[in-house]
**Q** 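Supplied in structure tokens, the structure appears directly below.
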Amino acid sequence: MAQGTLQTLDRGIEALLLVARTPGGIKVGDLADRLALHRAVAYRIISTLSGHGMVRRLEDGRIVLGAAAFQLGAQATDSIRAQVRPILEDLAERTGATAFLSMAEDEECVVVQTVEPRQTMVTIHYRVGIRHPLNRGAAGIAILAARPAHPDDSDEVRLAREQGFSATRGQIHKGAVGVSSPVHLSGAGFAGMEYSIGVVALESLDMETACRAVPEAARTLSDRFA
């Protein structure tokens, strides 16, 4: 540790970087060993990072990056946000609707990138960081549809899995219509991360165009990280 640094902050950053550099995530015990920390200290660091959304724990105990870390690193040239920007711009212009990328975090869906169409007078402003339950709205339902089938799946999830996209009306915002498709990212560093791409507009959304353009955009982004 360099002279003049804060030990706790230094350890937290080291832990966060180690999680980011470990494809597939890392267990807290392994993180403690790698950083030569007492396990109790490692657990406190992970708990603190988790509380700020920087990391999250998968069901098997592995620690992966959270939505806040994703947003923090959004300006990196190799980030998914840099790759998705032109895709969202094209999608927004094709549909005349606000295009966005969402990410699952626990039982919530988090907006991590948005683009509004240039020529449309009235659009829905979707702010980065907006959260809503995974089972409400097209973006979250699309993410659930990409998971293995489960007996408790709703009819909306089953239909989205069959169609390749989810379409909802008024579930998040009154009068809003949303269409989303899951993004399948198989490259290193995406373990435990689930995304969807979609559009949202008022009742004027051209559903035929959106239901064709959104799955195409999802496939384009998926192919870039295959």
**Q** Give me the atom names and distance for the closest heavy-atom approach of Val41 to Arg11.
**A**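 The pair with the smallest heavy-atom distance is CG1-NH1, 4.1 Å.
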**Q** Please check if Met103 and Val157 belong to a single hydrophobic cluster, counting links between Ile, Leu, Val, Met, Phe, Trp and Tyr side chain heavy atoms closer than 4.5 Å.
**A**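 Unlinked, Met103 and Val157 end up in two clusters.
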**Q** Can you tell me if Ser181 uses its side chain to pair, donor with acceptor, with the backbone of Gly164 under 3.5 Å?
**A**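 Yes.
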**Q** Gln83 side chain to Leu221 main-chain N or O, any donor-acceptor pair under 3.5 Å?
**A**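 No: the side chain of Gln83 does not pair with the backbone of Leu221.
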**Q** Give the intermediate values and the outcome of side chain to side chain contact (heavy atoms under 4.5 Å, CB included) for residues Val19 and Leu49.
**A** CA-CA 11 Å; Val19 172; Leu49 292 173; over 6 Å; no
**Q** Strictly by side chain to side chain donor-acceptor pair (under 3.5 Å), give each pair with a member in residues 154-166 just once, sequence neighbours left out.
**A**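 Sorted result for residues 154-166: Asp153-Arg161, Asp155-Arg158, Glu156-Gln171.
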**Q** Is Thr22 close to Val64 at the side-chain level, that is, under 4.5 Å between some pair of heavy atoms?
**A**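 They are not in contact (no side-chain heavy atoms under 4.5 Å apart), so the answer is no.
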**Q** Is any side-chain heavy atom of Ile63 closer than 4.5 Å to a side-chain heavy atom of Leu31?
**A**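 The answer is no; the side chains never approach within 4.5 Å.
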**Q** Hydrophobic clustering (ILVMFWY, side-chain heavy atoms < 4.5 Å, transitive) - are Leu144 and Val111 grouped together?
**A**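 No, separate clusters.
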**Q** Can you tell me how far the CG atom of Asn135 sits from the CG atom of Asp152, to the nearest 0.5 Å?
**A**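 Result: 12.0 Å between the selected atoms.
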**Q** Could you give me the CA-CA distance, side-chain angles and deciding distance for Met207 and Arg169, then say whether side chain to side chain contact (heavy atoms under 4.5 Å, CB included) is met?
**A** CA-CA 11 Å; Met207 292 299 290; Arg169 293 178 178 271; 3.9 Å; yes
**Q** Side-chain contact, heavy-atom cut-off 4.5 Å: Ile130 with Thr114?
**A**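 No, their side chains stay 4.5 Å or more apart.
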**Q** Indicate the atoms forming the closest heavy-atom contact of Leu202 with Val177, along with that distance.
**A**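 In terms of heavy atoms, the two residues are closest at O-CG2, 3.9 Å.
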**Q** Using every non-hydrogen atom in the two residues, find where Arg56 and Leu65 come nearest and quote the distance to one decimal.
**A**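 Taking every non-hydrogen atom into account, NE-O, 3.7 Å.
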**Q** Taking a hydrophobic cluster as the set of Ile, Leu, Val, Met, Phe, Trp and Tyr residues connected by side-chain heavy atoms closer than 4.5 Å, whether directly or through intermediates, do Val199 and Ile141 fall within one such cluster?
**A**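 Per the 4.5 Å side-chain linkage, Val199 and Ile141 are not co-clustered.
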**Q** Within this structure, what is the CD-CD distance for the pair Glu105 and Glu194, rounded to the nearest 0.5 Å?
**A**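 Result: 11.5 Å between the selected atoms.
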**Q** Evaluate the side-chain proximity of Arg62 to Lys27: yes if any heavy-atom separation is below 4.5 Å, no if none is.
**A**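 Side chain of Lys27 against side chain of Arg62, heavy atoms only: contact under 4.5 Å found.
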**Q** Is Asp106 reaching over with its side chain to a backbone N or O of Glu108, donor-acceptor style, under 3.5 angstrom?
**A**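 No, the answer is negative, given that no donor and acceptor are paired below the 3.5 Å cut-off.
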**Q** Kindly give the heavy-atom pair with the smallest separation between Ser102 and Cys109, and that separation in Å.
**A**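 Closest pair (atom of Ser102, atom of Cys109, distance): CB-SG, 3.5 Å.
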**Q** Considering non-hydrogen atoms only, spot the tightest contact between Ala213 and Thr95 and give its length.
**A**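 In this case the closest contact between Ala213 and Thr95 is CB-CG2, 4.1 Å.
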**Q** Does His150 reach the side chain of Pro148, with side-chain heavy atoms less than 4.5 Å apart?
**A**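 The answer is no, as the side chains (C-beta and beyond) never meet within the 4.5 Å cut-off.
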**Q** To the nearest 0.5 angstrom, please state how far the CG atom of Asp90 sits from the CD atom of Glu216.
**A**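 The distance works out to 9.0 Å.
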**Q** When rounded to the nearest 0.5 angstrom, what is the spacing between CD1 in Ile46 and CE in Met54?
**A**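 Result: 11.0 Å between the selected atoms.
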**Q** Check whether Ile197 and Ile143 end up in the same hydrophobic cluster, where Ile, Leu, Val, Met, Phe, Trp and Tyr are linked by side-chain heavy atoms less than 4.5 Å apart.
**A**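 The answer is no; the residues belong to distinct hydrophobic clusters.
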**Q** May I ask whether Phe165 and Val84 are part of the same hydrophobic cluster, defined by side-chain heavy atoms of I, L, V, M, F, W, Y residues being less than 4.5 angstrom apart, directly or through others?
**A**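 Per the 4.5 Å side-chain linkage, Phe165 and Val84 are co-clustered.
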**Q** Roughly how far, to the nearest 0.5 Å, is CG of Leu205 from SG of Cys211?
**A**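 Answer rounded to 0.5 Å: 7.5 Å.
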**Q** Looking only at heavy atoms, what is the nearest atom pair of Ala176 and Val200, with distance?
**A**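 Smallest interatomic distance, heavy atoms only, reads CB-CG2, 4.1 Å.
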**Q** Please collect all side chain to side chain donor-acceptor pair (under 3.5 Å) contacts where either partner lies in residues 34-54, sequence neighbours excluded, each pair once.
**A**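 Not a single pair qualifies under side chain to side chain donor-acceptor pair (under 3.5 Å).
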**Q** Measuring from Leu9:CG to Glu14:CD, what's the distance to the nearest 0.5 Å?
**A**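 Going from the CG atom of Leu9 to the CD atom of Glu14 covers 10.0 Å.
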